[in-house]
Amino acid sequence: MKIINQIISEIEKVIKGKKEKIKIILASFFADKHVLIEDVPGVGKTTLAKTIAKVLGLEFKRVQFSADMLPSDIVGVNYFDMQKKEFVFKKGPIFTEILLADEINRATPKAQSALLEAMEERQVSVDGKTYKLSENFFVIATQNPKEHGIYPLPLSQLDRFGICISLGYPEREFEKLILKSERIEVNSFSGIEKYKRKAKEIFTDEKIYDLVLDLGKISRDIFETGLSTRALITLLEISKAYAMIEGRDYVIDEDVFEILKYVTPHRLEENADKKIIRLYYQG
């Protein structure tokens with residue numbers, strides 16, 4: 001996949017030393033699954049989101065979540081136009097392609113809920129009317145796990161994020177490059193929709209379906225609330241997209257195990273994937 005490798009290389013011009021994380025996030029995008037980045041401030045979360053949008057040639061908007069935010073600040077609002085003598089809908093920042101929901105856990109549950117319908121169905125409803133969002137609508141949300149005075153995301157919202165990932169601090173050699181680097185321009189690519197279609201067409205053997213189901217059953221045996229059916233669909237679909245990024249037209253076990261690391265932490269607990277995989281091989 002020459003173009004995908006070029007996309008990764010362009011993103012790496014700005015986000016240094018994080019190739020594997022970039023691949024995982026791109027796999028989530030091509031599988032139409034949203035991303036939650038859980039990390040401390042200042043490690044490049046906003047830069048990553050903006051760079052991905054630029055390289056993929058997509059519109060980007062950022063929303064800073066806060067405790068006084070209202071759903072209308074995200075979705076939009078109807079207002080009465082005095083000239084037209086009628087109500088007009090003013091679109092909110094959710095009407096974009098890549099939306100950075102920054103520090104999402106600073107907002108109240110009511111404000112957070114404004115994203116639920118959009119993330120699941122790529123549409124929003126305001127005063128009984130439905131508005132469609134872009135087919136490329138993709139949420140990258142961030143949260144700082146060590147922050148105080150926050151509103152934890154409810155399970156229903158967490159389950160709508162395909163993966164939870166942490167960038168972490170860069171290694172010394174890459175951090176040095178970041179310190180030395182000047183403003184970098186990246187190239188944009190078009191026609192990315194075909195890769196979404198291709199990801200869905202990746203061959204999946206019957207044994208892969210059984211593997212995903214086995215991992216789901218084990219999670220439900222060892223955790224009070226195991227992986228949901230939505231989570232298993234997510235695991236399978238991102239695994240297919242990851243296989244595509246790796247240059248294969250079929251899924252292997254290793255794809256599933258790799259993606260499992262990012263599907264479980266926000267749904268179960270940290271390192272849940274290791275417990276599940278260990279029991280899988282024991283059983």
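Throughout, residue positions are numbered sequentially from 1 according to the sequence presented.
Using a 4.0 Å cut-off between charged side-chain N and carboxylate O, Lys198 and Asp249 make no salt bridge. Using a 4.0 Å cut-off between a side-chain N of Lys or Arg and a carboxylate O of Asp or Glu, Lys275 and Glu269 qualify as a salt bridge. Ion pairing between Glu193 and Lys196 fails under the 4.0 Å rule for side-chain N and carboxylate O. Taking a cutoff of 4.0 Å between a charged side-chain nitrogen and a carboxylate oxygen, Lys33 and Glu237 qualify as a salt bridge. Asp159 has a carboxylate O that lies under 4.0 Å from a charged side-chain N of Arg230, or vice versa, which qualifies the two as a salt bridge. A salt bridge is absent between Lys240 and Asp255; no separation between the charged side-chain nitrogens and carboxylate oxygens falls under 4.0 Å.
Looking only at distances, a side-chain donor or acceptor of Ser188 sits under 3.5 Å from a matching main-chain atom of Lys54.
Enclosure of atom CZ in Phe89 by more than 12 non-hydrogen atoms of other residues, nucleotides or ligands within 6.0 angstrom is indicated. Enclosure of atom CG in Leu116 by more than 12 non-hydrogen atoms of other residues, nucleotides or ligands within 6.0 angstrom is indicated. No more than 12 heavy atoms of other residues, nucleotides or ligands sit less than 6.0 Å from atom NZ of Lys110. The 12-atom threshold is not exceeded at CD of Glu270, counting heavy atoms of other residues, nucleotides or ligands nearer than 6.0 Å. By the neighbour-count criterion of 12 heavy atoms within 6.0 Å, atom NZ of Lys50 is sparsely surrounded, having that number or fewer from other residues, nucleotides or ligands.
Partners of Lys23 under the salt bridge (charged side-chain N to carboxylate O under 4.0 Å, His left out) rule, at least two apart in sequence or in another chain, are Glu20, Glu246.
Taken from OH in Tyr262 to OG in Ser166, the straight-line distance is 9.5 Å, to the nearest 0.5 Å. The CD atom of Glu254 sits 12.5 Å away from atom CD1 of Ile259, with the distance rounded to the nearest 0.5 Å. The CG atom of Leu260 sits 9.5 Å away from the CG atom of Leu232 when rounded to the nearest 0.5 Å. Taken from CD in Gln123 to CD in Glu120, the straight-line distance is 10.5 Å, to the nearest 0.5 Å.
Residues Ala118 and Val124 approach most closely at CB-CG1, 4.0 Å, considering heavy atoms.
Counting heavy atoms from C-beta outward, Asp102 and Val63 have side chains that stay 4.5 Å or more apart.
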For residues 90-98, please give each side-chain donor-acceptor pair under 3.5 Å, one per line with the distance, not counting sequence neighbours.
unit_1 : atom_1 : unit_2 : atom_2 : d
Thr96  : OG1    : Glu59  : O      : 3.3
Glu97  : OE1    : Glu59  : N      : 2.7

* Going through the checks in order, is the side-chain contact (heavy atoms from CB on, under 4.5 Å) test met by Leu48 and Lys21? -> CA-CA 10 Å; Leu48 172 66; Lys21 301 293 178 68; over 6 Å; no

* Test Thr142 against Glu103 for side chain to side chain donor-acceptor pair (under 3.5 Å), laying out the working first. => CA-CA 5 Å; Thr142 73; Glu103 297 183 303; over 6 Å; no

